[in-house]
Every structure is written in structure tokens, then in C-alpha cells.
Asker: 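What follows is a single structure, and I will ask about it in a moment.
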Amino acid sequence: MVDRGASALSLPDDWPAHPDPILALNRMGSFDWDLDSGLFHMDAQAHEVFDVRPDEYNGRPESLAARVPPSEARRLDALVAQAIKDGSENYGAYFRLRCRDGRLRWTHTQGYIRRDETGRPRRIIGIVRDATRELSEIESRREVAGQDNGDQSSVVQATTAALAHARTVRDVIDVLENSDGVTHLGATSLVMGLVEAGRIRLIAEGPVGSRVPGTEVTRIDEAYPMSEVVRTLSPRFIESPQEFASRYPMLWPDITDLGITSAAYLPLIVQARPIGAMGLLYGDRRGFTPEERDILVALGSSIAQSLQRAMFYEQEKDLASGLQQAMLPRTIPSVPGADVAVRYRSGSSTGTLGRDIGGDWYDLIPLPGGRVGAVIGDVQGHDTHAAAVMGQLRIVLRAYAAEGHTPATVMARASVFLHELDTDRFATCLYAEADLATGVVQVVRAGHIDPLLRAPDGSCRRVPVEGGLPLGLSAEFGSLDYPVGTLELDPGHTLLLLTDGLVETPGADLDDGLQALTTLVASGPPDVWKLADRLIDVAEERGGDDDVALLLLRRRGMDAPKTGGRLQQHVAPGDPEALTGARHMIRAAVRAWGAADRADEIELVADELITNALMHTEGAAIVTLRVLTGGERRLRVEVEDSSSALPRRREAGESGVSGRGLLLVDLLTDVWGVEARGGGKCVWCEFTVPERDTP
């Protein structure tokens with residue numbers, strides 16, 4: 001009953017301050033839907049049409065869910081989305097509303113889509129009205145014309161069309177309970193059950209208060225009407241109360257008070273196999289004509305097909321969801337000095353069964369020295385192959401990071417792995433390696449969306465990070481040099497990593513989506529777990545075909561490791577006194593900080609790093625020593641220079657001396673790495689040292 005040819009509406013631009021009085025006189029309500037904010041403004045008459053009080057409505061379409069049955073809501077959403085997609089200026093449709101007293105009534109709506117100069121839809125202005133009388137008059141004229149049987153056939157057709165959109169067993173039940181099809185057939189009650197392991201399990205029974213005790217699960221060999229039609233694969237039409245009482249003496253006493261005068265029980269058969277049964281109970285008729293029996297059998301066949309499709313969908317969805325969950329980390333490790341929350345939401349594809357699975361993933365990787373690696377990624381596609389590729393990528397990323405490679409190397413190696421995996425898929429990814437002692441976070445981005453950073457005061461901003469090509473593509477095109485961005489994560493700040501399913505909506509710009517998300521994050525709770533719940537709830541309400549992955553990392557202030565001491569020395573090239581002074585500083589600091597047992601190792605490694613900086617760069621070196629406490633006690637050596645060239649291992653020269661520097665660093669330190677620092681870099685290493693004895 002879609003009215004796609006409805007004429008364009010002409011509502012004043014200052015709506016809703018001055019609604020058109022003609023609409024009010026004709027008992028039409030008007031609305032103004034702001035597509036940017038999602039707010040759905042209604043005037044007083046529209047509130048009456050939807051049978052909601054102003055205090056029950058918060059300005060968002062989701063709050064009308066109690067009035068619009070799910071099957072009708074999906075049909076309307078699809079209609080509006082299609083009108084927006086194909087460039088239509090207007091749309092129109094009839095749909096059913098559930099009133100406050102439980103009655104279903106027909107309603108009509110027309111909407112006019114307003115677009116900006118680029119053609120992007122910005123607002124929908126329209127009307128809603130009660131169409132019950134209009135459709136009743138049409139129905140009356142049909143009955144006068146003797147079209148009763150034709151109407152019943154059309155009811156079956158309409159119900160079948162509605163069932164075509166049902167994706168789950170619950171959807172099938174909603175169509176039957178919420179549509180006027182059963183009502184037009186004269187039934188006052190519906191009962192339905194599914195065959196499971198030689199029994200029939202009841203999945204729907206109405207109206208409220210009519211449930212018969214002891215019939216929730218019954219055996220197929222029991223003397224119940226649904227059991228009989230499943231055994232015989234034939235319908236049973238009960239034409240009088242007396243026949244009901246004589247045929248089914250076990251059931252009749254429990255339903256006598258319902259005023260049942262006749263009933264039709266139908267087997268639900270698919271490929272010659274019963275999957276369930278359905279019963280339609282009547283309170284105002286006796287007997288069934290041959291035409292009516294044929295119509296009911298046809299209805300049962302349509303319902304059986306829809307139920308089978310819904311059951312397959314739910315089974316494949318469970319399988320896909322299980323595969324997805326198996327590929328994601330089972331648990332997130334506790335990270336000293338940080339609060340971490342992760343969430344995942346599967347998509348809601350309206351296409352092939354079992355395709356509510358995607359390649360989005362998250363991971364958290366504990367690293368030595370109080371560091372942690374946070375990963376967010378998205379493999380191209382929404383199928384089990386995407387999930388399988390995602391699982392393999394997650395494993396190799398974790399392995400490369402745990403081996404101690406720099407973030408850029410981790411990303412480059414993962415790209416080569418995906419390219420050699422012999423798959424046509426690519427993946428976007430963002431890897432952030434955070435040092436929770438210093439708050440320094442190195443970020444590498446492979447075609448993924450930028451992270452967000454939320455401050456303790458609630459303000460939130462997007463952090464632009466220079467990126468490279470997606471994983472797989474960068475290896476294919478020989479572009480494996482991933483730039484490394486650096487940001488400071490101060491105590492109380494939260495880093496948000498997310499996939500595009502959280503910000504992308506059809507027809508909307510990605511930048512606008514990110515801006516809306518930053519606003520949502522800024523207004524959210526400070527607790528990372530509650531904030532993650534809110535973000536995923538918004539994604540759930542909005543729906544969409546894409547899955548969503550989310551990782552929030554908040555650096556704690558008091559629990560993060562703190563610097564117990566810090567010394568720094570500037571060493572200029574060609575200044576032997578400065579180099580000698582740096583060596584004396586290192587030796588004195590190591591002994592003063594109670595690390596005498598590792599003094600030789602620390603001095604040797606520090607001297608090697610300083611020498612490398614002076615020999616292979618043109619500028620000075622800045623040497624920093626600090627003690628990190630909180631958890632295990634560590635001594636950290638940092639040598640910063642002005643060159644962006646990364647250190648690399650070389651084969652030892654003919655003399656057997658040159659080329660062994662990084663090998664010594666790797667052998668003697670507990671952990672080491674490289675950080676980008678402006679236009680240069682910082683080579684750092686850490687040594688675990690015992691706690692100092694207290695007097």
C-alpha cells in the first residue's frame with residue numbers, strides 16, 4: 001500500500017512554529033525530520049495520530065517503537081531509504097499503528113525530501129493521518145460487491161508479502177500477530193509450535209491470558225490437535241464446540257472459557273517434512289467452506305516456507321556469530337596503569353542469510369616495559385571468509401608486536417603477510433603502541449579512520465594521523481613505508497579506536513559522521529565501560545549493514561608507573577668532554593639508583609647508542625636516564641637525535657668489530673625500540689632492576 005506517486009508537500013519553512021491550519025482542520029498531523037541530527041519533530045495533532053503523549057516522546061523516531069510494530073517499522077525504513085537513494089522528492093505509504101489500548105489501526109503518511117545544493121538529503125517534511133475510515137469504506141464496498149473470497153485471497157497474498165521481509169522466527173510471529181491478515185480471516189486466537197526432537201515446542205499463543213498449562217512442550221504422539229496434524233501431515237478443521245470436545249477431551253476443558261466455536265489446525269510442511277503446526281481459533285463461526293479451507297492451507301504453506309527460511313537464517317547467524325567471536329580475543333588482559341573497554345556489534349545485513357558477520361576486530365597486546373599495543377582493524381567484506389582472514393591477521397599482528405618490532409615494521413610485515421595469503425581481500429588497520437609510564441603513544445595507520453582523544457573534562461577531538469595504504473595493497477604496490485605519528489596520552493585521557501561502522505551512514509559524509517561521534521563521546525559518561533556501552537547502543541539503534549568494533553584505552557593517573565628519577569645530558573659531535581661527562585653521569589646514576597648488578601650492561605649499551613647517534617647523524621645527541629616505578633622497577637635509557645633514519649642491523653665488517661652495536665643492544669637489554677620525535681627519533685632501552693632496600 002505504498003503511495004510513491006504522492007504529490008510534493010508544501011509546508012512553510014518556519015514549521016513547526018506555525019503549522020498549516022488546513023492540516024489541523026483535516027485532522028492531519030505534521031512532522032519535520034532533521035536527517036543531520038536525527039530529531040523527528042511532531043506537532044500536537046501528530047502526537048494524537050501516534051497516540052503518544054508529549055512526555056512519552058523524546059524527539060527521536062526510536063521512541064515510537066511501542067506504537068509501530070517491528071515489521072511495519074522495517075518496511076517504512078526501507079521505503080524511506082529507497083526514496084532517498086533513488087533521488088525521489090517524495091514518498092507515501094500506509095502502515096499499521098498499535099494504539100495504547102492494543103488495537104491496530106491503519107495510518108497514512110506522506111513525506112517530502114528536501115536536499116541541499118549538492119543533492120544530499122537534509123530534511124523530510126510530511127504529514128500523518130488516521131486512515132482507518134478510508135480503508136474501512138474501501139473494504140465495505142468490496143464486501144457489497146461480493147468479493148469476500150477474493151478478499152481472503154488478497155489477505156493471504158498480503159500476509160505472504162509481509163512474511164517475505166521476516167528474517168527471524170520472532171519476525172514471522174510478529175507478522176501474524178500484528179497484521180490484519182488473521183483478523184480478516186475471522187480468527188480470534190493464534191497458536192504455533194515447532195517440532196524439536198520428537199516434541200512440539202510452543203512459540204506463540206494468544207491472546208494474552210489464553211495460555212493452556214502443560215502445553216508449552218508436548219509429544220507428537222499425544223492427543224492434541226497440533227500433534228495430530230504433525231503426525232498425519234494433514235490439516236484438521238473443527239467445525240463446532242461439540243466436535244472439539246469429543247475429538248480432544250484433554251484440551252477442551254482448558255479452553256472452554258475462551259468461547260471457541262471452531263478451529264483450523266494446519267501442519268507446517270517443508271519438503272515433505274513437518275517443521276511445526278499452527279492453529280487458528282474462532283469464536284464467531286461454525287464450519288469452513290471448501291474455498292476457505294483452500295485459502296487456509298495456502299496460508300499454512302506460506303508460513304511454513306517463511307519459518308524454514310527464518311530458522312536457517314538464525315542457525316547461520318549463530319554459526320557466523322560463533323565464528324566471529326572465536327576469532328576475536330576471548331579475554332582482554334588487565335593492563336597496569338590503564339582502563340580498557342572493548343565492544344563488538346555484528347551488522348544487520350538484509351541480503352544473504354548468515355552474512356551478519358564481518359572482518360572488524362580489536363586486540364590488546366601487553367608489551368615489555370609497561371607498554372601496550374592496541375589494534376583496531378577491518379577486513380574487506382561481510383562473510384565467513386572475511387572473518388577467517390581477520391583471525392589470521394590478528395594472530396600475525398600480535399606475533400610481530402610481541403617480537404619487539406617497531407609499529408611501522410609491525411604494519412609493514414602484516415601487509416606482506418596478507419598479500420602472500422592468496423586472497424583478494426585487503427584490510428584497514430590502526431596500531432597504537434602506548435608507553436603508559438611516559439604517556440607517549442606511537443600510532444601507525446593503514447587506510448583506517450583516525451583515532452579520537454577524549455580529555456578528562458569531556459572534550460573530544462579527532463587526532464589526524466598520516467597514514468599509508470591498507471594492508472595487502474601497500475605490499476602489492478611496494479609502498480611499505482608507514483609513517484609513525486606520536487601523541488601524548490596524559491593521565492585521565494582516553495584514546496578511542498573504532499571501525500567505520502560506528503560513523504558511516506548511507507548518504508552521509510564520513511567527516512560529518514566523525515563530528516557527530518565526537519559530540520556523542522563528549523557528552524558521554526567518563527567511565528570507559530559505560531561510554532563503550534553507550535556508543536555500541538547508539539550503533540545498535542541506528543542499525544546498518546556494517547559491523548562495529550571499538551576499543552577504549554584510558555590512562556590512569558595514580559596507577560600508572562611514575563618516574564622515580566631523571567637525568568639528562570647534551571652531547572655535541574666532536575666534543576670528547578661532553579661524551580666523557582655523559583659516561584660519568586650514566587655510571588654514577590646506575591650506582592646511585594641501586595642497579596650496580598647491571599651497571600656494566602647499562603653503561604655498554606648506553607655508550608653504544610650514543611656512539612651510533614654521533615657517528616651516523618649530523619647533529620648532537622640528547623641522553624636521558626630515568627627510573628620507572630610502579631609494578632617492576634626499570635631503568636630507561638633514551639638517546640635522541642635529529643635524524644629520522646631508523647637504526648638497522650648490519651653484518652660485522654672485516655675487522656669483526658663494526659656492525660655489532662644493535663646486536664649487543666638486543667642481547668643485553670630487556671626491551672628496546674625506536675620512537676619518532678618531531679623530525680628525528682629516540683632510540684630507547686629498558687633494564688629491570690631490583691627495588692632499593694629501605695632502611
Side-chain angles (χ1 to χ4, degrees), residues 1-9 11 22-24 26-33 40 42-43 45-52 61 64-86 88-113 124-145 147-148 150-166 171-172 174-185 299 302 350:
M1 305 186 73
V2 174
D3 182 14
R4 296 300 299 273
S7 60
L9 299 171
L11 293 178
I22 296 178
L23 297 178
N26 285 278
R27 302 184 63 79
M28 294 182 182
S30 58
F31 65 84
D32 186 344
W33 190 359
F40 189 85
M42 297 194 300
D43 64 9
Q45 186 62 40
H47 281 87
E48 290 189 19
V49 173
F50 279 98
D51 198 10
V52 295
L64 296 174
R67 294 289 172 261
V68 184
S71 57
E72 296 291 82
R74 283 192 294 271
R75 185 167 62 85
L76 285 174
D77 288 343
L79 169 70
V80 175
Q82 185 61 40
I84 291 175
K85 182 178 180 181
D86 61 23
S88 299
E89 291 186 352
N90 53 80
Y91 64 86
Y94 290 92
F95 64 97
R96 288 177 293 270
L97 276 180
R98 185 174 296 281
C99 299
R100 190 180 303 277
D101 58 8
R103 291 181 300 108
L104 284 168
R105 75 180 183 200
W106 282 103
T107 309
H108 181 256
T109 182
Q110 287 178 241
Y112 175 68
I113 303 170
I124 297 179
I125 298 176
I127 59 99
V128 289
R129 61 185 178 85
D130 186 345
T132 304
R133 179 179 298 179
E134 170 191 341
L135 296 183
S136 297
E137 291 175 353
I138 295 174
E139 184 68 21
S140 298
R141 288 195 296 270
R142 288 179 177 174
E143 292 179 358
V144 171
Q147 298 178 351
D148 286 353
D151 287 345
Q152 288 195 343
S153 298
S154 67
V155 167
V156 174
Q157 294 174 1
T159 304
T160 301
L163 287 170
H165 299 285
D171 289 343
V172 173
D174 286 342
V175 167
L176 297 176
E177 291 181 341
N178 295 333
S179 75
D180 283 348
V182 174
T183 303
H184 282 174
L185 289 170
L299 179 64
S302 176
T350 56

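Starting from 1, each residue takes its place in the sequence as its number. Keep in mind it's a predicted model, so treat the numbers as computed, not measured. Hydrogens, waters and symmetry mates play no part in the numbers below; they use all other heavy atoms, side chains included.
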Asker: Could you tell me which non-hydrogen atom of Asp43 sits nearest to which non-hydrogen atom of Ser30, and how far apart they are?
Answerer: OD2-OG, 2.6 Å

Asker: If every non-hydrogen atom of Arg105 is compared with every non-hydrogen atom of Cys99, which pair is closest and at what distance?
Answerer: CD-SG, 3.5 Å

Asker: Working to the nearest 0.5 angstrom, can you tell me the gap between Ile127 CD1 and Phe31 CZ?
Answerer: 7.5 Å

Asker: When rounded to the nearest 0.5 angstrom, what is the spacing between CH2 in Trp106 and CD in Glu72?
Answerer: 6.0 Å

Asker: Any chance you could measure Thr107, atom OG1, to Arg67, atom CZ, to the nearest 0.5 Å?
Answerer: 11.5 Å

Asker: Looking at every non-hydrogen atom in both residues, tell me the closest pair between Asp130 and Val49 and how far apart they are.
Answerer: N-CG1, 4.3 Å

Asker: Side chains of Val128 and Met42: does their closest heavy-atom pair fall under 4.5 Å?
Answerer: no

Asker: What's the spacing between Ile84 CD1 and Ile124 CD1 if we round to 0.5 Å?
Answerer: 4.5 Å

Asker: Would you call the rings of Phe50 and Phe40 parallel, tilted or perpendicular, taking 30° and 60° as the class edges?
Answerer: perpendicular

Asker: Kindly compute the distance separating CZ (Arg129) from CD (Gln110), expressed to the nearest 0.5 Å.
Answerer: 7.0 Å

Asker: Look up atom CD1 in Ile125 and atom CG in Asn90, then write down how far apart they are to the nearest 0.5 Å.
Answerer: 13.0 Å

Asker: Indicate yes or no: at least one non-hydrogen side-chain atom of Arg98 is less than 4.5 angstrom from one of Leu104.
Answerer: yes

Asker: Can you see which heavy atom on Gly29 is nearest to which on Gln45, and at what distance?
Answerer: N-CG, 3.6 Å

